[in-house]
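Beneath this line is the structure, given in structure tokens, with notes to follow.
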Amino acid sequence: MAQISLTFPDGNVRDFAKGVTPAEVAESIAISLAKKAISATVNGTHWDLQWPIEADATIAINTMSDEAPALELIRHDLAHIMARAVQELWPDVKVTIGPVIENGWYYDFDRKEPFTPEDLGAIEAKMKDIINARDPVRTEVWSREKAVAYYKERGEEYKVELVGMIPDDGQPIRMYWHGDWQDLCRGPHLQNTGQVPNNSFKLMSVAGAYWRGDSDRAMLQRIYGVGFKDPKALKAHLTMLEEAAKRDHRKLGREMDLFHMQEEAPGQIFWHPNGWKIYTTLQDYMRRQQEEDGYVEVNTPQVVNRKLWEASGHWDNYQDNMFIVEVDEEHAREKTLNALKPMNCPCHVQVFNQGLKSYRDLPLRMAEFGSCNRYEPSGALHGIMRVRGFTQDDAHIFCTDEQVEEETKKFVTFLAKIYAHLGFDQWKVKLSTRPEKRVGTEESWDKAEADLANGIRAAGYDFEIQEGEGAFYGPKLEFVLTDAIGRDWQCGTLQIDPNLPERLDANYIGQDGAKHRPVMLHRAVLGSFERFIGILIESHAGKLPFWLAPRQVVVTTIVSEADDYANDVVAALKAAGVRAEADTRNEKINYKVREHSLGKVPVILAVGAREIDEKTVSVRRLGEKQTAVMSLDDIVAELKLAACPPDLK
RNA sequence: GCUGCUGUAGCUCAGAGGUAGAGCACUCCCUUGGUAAGGGAGAGGUCGAGAGUUCAAUUCUCUCCAGCAGCACCA
């Protein structure tokens with residue numbers, strides 16, 4: 001019989017019969033290992049214990065203490081167990097696909113009636129029965145024809161389609177049995193359903209999802225679940241979800257009195273004084289930064305005739321997502337159609353096109369806090385993060401081909417400084433390269449992609465590549481920052497666009513005296529103020545850095561005799577540039593401290609008879625229990641510095 | 001936009017085929033209290049909008065609007 005050599009993690013090499021399974025390998029090492037084994041890693045691939053190994057390979061036997069394979073198997077088996085439970089409860093339900101995702105899995109079903117929360121409870125109970133039955137998991141390799149015939153007979157048309165989509169490149173079509181129930185699956189799986197912990201998973205929600213992610217195809221019902229190795233990990237996950245919910249900017253926005261939204265203006269924000277203070281503080285900061293970095297600021301119209309949008313190409317491509325404004329002008333034969341601007345670039349080209357530009361004017365960095373409106377699909381709206389009216393920290397850099405790399409470097413450096421100022425020290429760059437459908441020559445794409453890559457490197461950063469994700473006219477950079485609880489947000493962007501200058505006929509006079517086409521770089525650091533403020537709120541759980549906090553200090557009185565002194569303290573703080581207010585209400589100090597703590601005011605000062613006598617204040621910082629007594633002069637000096645934006649320190 | 005769920009006082013929520021309730025917030029009074037809710041009184045609602053069924057609809061049905069979760073979308 002043919003032999004193969006298997007290399008173990010410790011470097012040992014042993015010979016086995018060709019076609020040996022990892023289960024047999026484990027058994028040959030120790031019965032105890034065979035009992036604990038859940039899967040193997042063969043040549044770096046996650047491998048079922050039942051799959052034969054046909055050639056020399058490296059092998060490692062996995063047990064439940066191997067975190068990554070264990071969780072993958074548990075979640076994958078839970079997906080199958082859930083599908084089986086659903087079909088046992090409702091035999092007419094059709095199964096589709098059920099992959100492992102972060103923290104759990106989902107499975108999509110085709111069923112006429114919606115699943116209710118009570119159904120989820122029933123499914124969960126049935127899943128526990130299946131686990132407790134410890135059904136053996138068995139796998140077989142089937143021919144394509146057999147699999148198709150099997151599913152056709154059962155009316156599982158989604159599975160028929162899935163079998164048809166498996167590429168015919170020799171990879172086996174596998175069937176897995178959990179007891180009597182069977183599913184098409186590439187595996188691997190655990191060896192019996194009882195290996196799945198029966199107390200460490202939870203079905204979370206049910207929602208619609210399109211078959212194959214295509215909005216033109218059937219709407220299925222997706223059930224989400226989370227699964228872990230032990231109840232403690234499940235509990236920790238659920239606690240984390242509660243923590244994330246507490247940070248929800250919609251909830252904090254109300255509690256901190258930052259903004260509200262209402263039916264009459266869906267997807268648009270009514271900023272309250274507190275929220276607007278954050279907004280303007282951030283905008284003032286960005287304006288200073290841009291001026292320092294060589295930008296000029298402009299402002300362009302909100303309502304623009306369709307002619308410009310036709311010229312820019314937006315009318316054809318995005319009309320459904322634009323707010324159209326019909327103007328019925330007096331004496332006009334026809335009504336004119338206009339659109340609220342969904343972006344600023346066409347208008348910026350209009351500014352550029354005024355007067356003749358020389359190569360000496362380039363690079364021209366044109367910035368606008370551009371207020372845009374887009375008719376986003378109703379289902380896309382989310383608090384202040386995804387809205388129909390927003391303001392970008394937008395700018396377009398008009399430059400020559402030769403200047404692209406240097407401008408890229410300059411921008412990355414600029415963005416890095418701003419993210420650092422705003423407290424985001426963890427972020428990454430993604431380079432999206434040429435898509436299948438594109439315009440321009442291969443040489444121009446080669447150069448554009450190289451310019452971006454070199455620009456990032458020159459700024460001292462590394463990047464990931466997103467193959468084929470660029471715009472049809474040029475490659476782009478995406479800047480993704482990580483917030484305080486580890487969530488990623490794409491905020492900044494830099495896109496090379498030779499297309500729009502062409503369409504809108506922008507040009508400059510070169511050194512040779514002839515007309516040339518500039519390149520346009522679209523770029524933003526924050527993305528939109530609305531969304532970025534949402535991210536700031538959630539990342540900080542409402543406890544914004546002092547300089548951005550809308551209410552920085554409240555001076556509370558303990559007795560009404562201290563009212564005058566409190567007002568003096570407020571005046572001193574205001575004179576030092578600190579946002580301060582007095583709370584002289586007829587309430588107890590406990591009450592005031594609680595209220596302002598919930599309002600996320602970073603510093604609460606309390607004053608009573610002692611403080612008046614000593615010209616001091618009692619200082620309580622947000623999140624701290626203990627208080628400290630400080631002289632008025634000291635606290636004013638300290639907070640004056642804290643209130644100073646990071647670029648002015 | 002699609003699937004499902006939701007819409008009752010400023011907020012969080014209860015309620016029932018006979019036109020409404022709690023807690024907090026708000027106003028006033030008492031209380032001057034030393035670091036996360038002192039006490040009392042009062043005011044506050046076209047029950048998301050429209051139509052239908054009914055003697056009677058906030059409650060049942062339909063349509064619309066908005067919100068939530070997910071999907072799709074995000075120039």
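Order of the sequence lines sets the chain letters (A, B, ...), proteins ahead of strands, with each chain counted from 1.
Distance CD/Glu614(A) to OG/Ser631(A): 11.0 Å, rounded to 0.5 Å.
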Residues 519-526 of chain A, side-chain donor-acceptor partners within the protein, below 3.5 Å, at least two apart:
residue   : atom : partner   : partner atom : Å
His522(A) : ND1  : His396(A) : NE2          : 3.0
His522(A) : NE2  : Asp497(A) : OD2          : 2.8
Arg523(A) : NH1  : Tyr295(A) : OH           : 2.8
Arg523(A) : NH2  : Asp393(A) : O            : 3.0

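A distance of about 16 Å separates the C1' atoms of C47(B) and G10(B), rounded to the whole Å. Between the P atoms of G7(B) and C60(B), the separation comes to 10 Å (whole Å). Taking atom C1' in both G52(B) and G17(B), the straight-line distance is 15 Å, to the nearest Å. Only the P atoms considered, G39(B) is 41 Å distant from G50(B), to the nearest whole Å.
Under a cut-off of 6.0 angstrom, the local environment of NZ in Lys430(A) is crowded, with over 12 non-hydrogen atoms contributed by other residues, nucleotides or ligands.
Annotated stems with RNA chain B as a participant read B:1-7 with B:65-71, B:10-13 with B:21-24, B:26-30 with B:38-42, B:48-52 with B:60-64, given as range with range, by first number; only runs of 3 or more Watson-Crick or G-U pairs under 3.5 Å qualify.
Of the options Lys126(A), Lys94(A), Glu156(A), a side chain to side chain donor-acceptor pair (under 3.5 Å) to Gln87(A) is made by Glu156(A) and by none of the others. With Phe259(A) as the partner, the ring pair (Phe, Tyr, Trp, His ring centres under 6.0 Å) test is satisfied by one option alone out of Phe270(A), Trp276(A), Trp271(A): Trp271(A).
The CH2-C1' distance, from Trp211(A) to U3(B), rounds to 17 Å in whole Å. Atom CG in Asp583(A) sits about 14 Å away from atom P in A25(B), given to the nearest Å. The distance from atom CG of Leu258(A) to atom C1' of G10(B) is 16 Å, rounded to the nearest whole Å. Here the P atom of nucleotide A66(B) and the CD1 atom of Ile269(A) are 17 Å apart, to the nearest Å. The CD1-C1' distance, from Ile612(A) to G34(B), rounds to 13 Å in whole Å. A straight line from CD of Glu113(A) to C1' of C5(B) spans 17 Å, rounded to a whole angstrom. Distance Gln221(A) CD to U3(B) C1': 8 Å, rounded to the nearest Å. Per the geometry, NE2 belonging to His596(A) stands 18 Å off P belonging to G34(B), to the nearest Å.
Using modelled atom types, one finds a donor on one side chain and an acceptor on the other under 3.5 Å when comparing Glu161(A) with Trp211(A). If you check the side chains of Gln350(A) and His348(A), you find no donor sitting under 3.5 Å from an acceptor. Gln392(A) and Asn344(A) are linked by a side-chain donor-acceptor pair at a separation below 3.5 angstrom, with hydrogens and angles left out of the test. For the 3.5 Å distance criterion, the side chains of Trp489(A) and Asp483(A) qualify, holding a donor opposite an acceptor.
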**Request:** Report, as a single string ordered 5' to 3', how protein heavy atoms within less than 4.0 Å touch nucleotides 67-75 of chain B: B base, S sugar-phosphate only, - not at all.
**Result:** SSBBBBBBB
**Complete:** A correct 5'-to-3' footprint of nucleotides 36-45 of chain B, with B, S and - meaning base, sugar-phosphate only and no protein heavy atom under 4.0 Å, is BBS-------
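Residues Val404(A) and Cys399(A) come closest through the heavy atom pair CG2-SG, 4.1 Å.
Residues meeting the side-chain contact (heavy atoms from CB on, under 4.5 Å) test with Glu624(A), sequence neighbours left out: Arg621(A), Gln626(A). Partners of Tyr106(A) according to the ring pair (Phe, Tyr, Trp, His ring centres under 6.0 Å) rule, which considers only residues two or more places apart in sequence or in another chain, are Tyr224(A).
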